[in-house]
Amino acid sequence: MSANSPLILSIETATLGGSVFVGRGQRQLAARTGDAQVSQSASLLSDINSVLEDAGVSLQEIDVFACAVGPGSFTGLRIGIATLKALAASLERPCVGVPTLAAVALAAGPASAIVSVLPAGRGEVFAQMFSVFADGSVTELDQAAHLSPRKLLAKYGVVAALRWAGNGAQLQRDVLVNFAKEQGIDFSEAPDSAVAADARCWQLAPSENKLATPVAALAFQAFQTGKLQSAEALTAIYVRPSDAELNTQCR
């Protein structure tokens, strides 16, 4: 393994379709977006094999395995984490578990305040605020939460200069636009435009379907700082109980 450029395989199965990435350090060799209409239990291994072939490398050459560990789809996360743990354990390679919302924030680009939002089902969302810096580092500003749209606005509506990111934000676009209008906040869907820290402006970042790419970038940062994990230590971030668990609690 090169100290500066490990070969990284990253997967993201927290969202529909998901994605797979192979890169040398921060340099992409190959990437693929999954089919949202196909179960990841049926497609993930095939997608991994295809990306490895496209990159011209073998599974045995991978130095670091990384995956999004949630929040997100319960089924998708379990499939992705179990697959990654099995690959890493069999090859005796280190892992990195990357919070899905942090990857969403990184994909949205540098900003002092980014709220990553992913669908949580039943019209609710997972959300968390971050700062993303020009060097690609990501800092948590609060904890991931499971919220209704009303509580999402109650929590973040007081922030006048804000970038919204993720598929959940896209789904809540009309709610965000209407609230911003009521509060006299400008709303832009051109997130590359610069916004002053004291401006009253919300931005909506475009959807990013290849979240395995920012997952790999954050995994590379973890590699550089020595924050690798064993396969056994890899765990999911669920934020809320599954529907099955909620139904059991209500009996």
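In what follows, every heavy atom counts, from backbone to side chain, and hydrogens, waters and symmetry copies are set aside. We count residues from 1, following the sequence as given.
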Exercise for the section: Before giving the answer on side chain to side chain contact (heavy atoms under 4.5 Å, CB included), spell out for Leu7 and Leu29 the whole-Å C-alpha distance, their side-chain angles and the decisive distance to 0.1 Å. Expected result: CA-CA 10 Å; Leu7 195 59; Leu29 299 179; 3.7 Å; yes
Handout entry: Separation of Asn178 CG from Arg173 CZ (nearest 0.5 Å)
Key = 9.0 Å
Completion exercise
Closest non-hydrogen atoms of Gly136 and Leu106, given as atom of the first, atom of the second and distance, are O-CD1, 3.5 Å
Practice task
State the CD1-CG distance between Ile48 and Leu87, to the nearest 0.5 angstrom.
Solution key: 5.5 Å
Practice task
Could you tell me whether the side chain of Tyr156 reaches within less than 4.5 Å of the side chain of Asp142, counting heavy atoms only?
Solution key: yes
Handout entry: Short side-chain to backbone donor-acceptor contact, Gln28 and Ala30, under 3.5 Å
Key = no
Handout entry: Short side-chain to backbone donor-acceptor contact, Ser10 and Ala66, under 3.5 Å
Key = no
All N/O donor-acceptor pairs, side-chain side in residues 225-232, below 3.5 Å, sequence neighbours left out:
unit_1 : atom_1 : unit_2 : atom_2 : d
Thr225 : OG1    : Gln221 : O      : 3.0
Thr225 : OG1    : Ala222 : O      : 3.3
Gln229 : OE1    : Gly97  : N      : 2.7
Ser230 : OG     : Glu232 : OE1    : 3.4
Ser230 : OG     : Ala233 : N      : 3.2

Fill in the blank from the handout: For Ala180 and Phe187, the nearest pair of non-hydrogen atoms, with its separation, is CB-CD1, 4.2 Å
Exercise for the section: Taking the side chain as every heavy atom from C-beta outward, state whether Leu91 and Phe65 have any pair of such atoms under 4.5 Å apart. Expected result: yes
Exercise for the section: For side chain to side chain donor-acceptor pair (under 3.5 Å), just list the numbers for Ser39 and Ser41, CA-CA rounded to whole Å, side-chain angles, deciding distance to a tenth of an Å, and then say yes or no. Expected result: CA-CA 5 Å; Ser39 170; Ser41 62; 2.6 Å; yes
Completion exercise
On a heavy-atom basis, the closest approach of Val98 and Ala219 is CG2-N, 4.2 Å
Exercise for the section: Would you check if Leu45 and Thr83 make a side-chain contact, meaning some heavy-atom pair closer than 4.5 Å? Expected result: yes
Handout entry: Nearest atoms (heavy-atom pairs only) where Gly80 meets Ile11
Key = O-CD1, 3.4 Å
Exercise for the section: Look only at the side chain of Arg93 and the backbone of Ile62, and say whether a donor-acceptor pair between them is shorter than 3.5 Å. Expected result: yes
Practice task
Establish whether Phe133 and Val215 are linked, either directly or via other cluster members, by ILVMFWY side-chain heavy-atom contacts under 4.5 Å.
Solution key: no
Practice task
Answer yes or no: is there a side-chain heavy-atom contact under 4.5 Å between Ser50 and Arg32?
Solution key: yes
Problem - Cluster link Leu171 to Leu152, ILVMFWY, side chain under 4.5 Å - result: no
Practice task
Give the C-alpha distance, both sets of side-chain angles, the deciding distance and a yes or no for side chain to side chain contact (heavy atoms under 4.5 Å, CB included) between Asp47 and Thr33.
Solution key: CA-CA 8 Å; Asp47 287 343; Thr33 302; over 6 Å; no
Exercise for the section: Check whether Phe21 and Val51 end up in the same hydrophobic cluster, where Ile, Leu, Val, Met, Phe, Trp and Tyr are linked by side-chain heavy atoms less than 4.5 Å apart. Expected result: no
Problem - Val177 vs Leu204 side-chain heavy atoms within contact, under 4.5 Å - result: no
Handout entry: Verdict with supporting geometry, Leu141 and Ser131, side chain to side chain contact (heavy atoms under 4.5 Å, CB included)
Key = CA-CA 7 Å; Leu141 299 181; Ser131 287; 3.5 Å; yes
Practice task
Mind running side chain to side chain contact (heavy atoms under 4.5 Å, CB included) on Lys155 and Val115 for me, showing each step along the way?
Solution key: CA-CA 11 Å; Lys155 184 171 185 178; Val115 175; over 6 Å; no
Handout entry: Distance in Å, Ile114 CD1 paired with Leu162 CG, rounded so as to fall on 0.5 Å steps
Key = 9.0 Å
Problem - Atom CD of Gln60: over 12 foreign heavy atoms under 6.0 Å - result: yes
Handout entry: Heavy-atom donor-acceptor pair, Arg163 side chain to Ala111 backbone, under 3.5 Å
Key = no
Practice task
Classify the ring geometry between Phe179 and Trp202 as parallel (under 30°), tilted (30 to 60°) or perpendicular (over 60°).
Solution key: parallel
Handout entry: Side chain to side chain, Gln128 and Leu118, heavy atoms closer than 4.5 Å
Key = no
Exercise for the section: Kindly indicate whether the side chain of Ser73, heavy atoms from C-beta on, has any atom under 4.5 Å from the side chain of Leu16. Expected result: no
Exercise for the section: Find out if a path of hydrophobic residues (ILVMFWY) with successive side-chain heavy-atom gaps under 4.5 Å connects Leu211 to Val38. Expected result: no
Exercise for the section: Would you indicate whether the side-chain heavy atoms of Leu101 and Pro99 approach each other to under 4.5 Å? Expected result: no
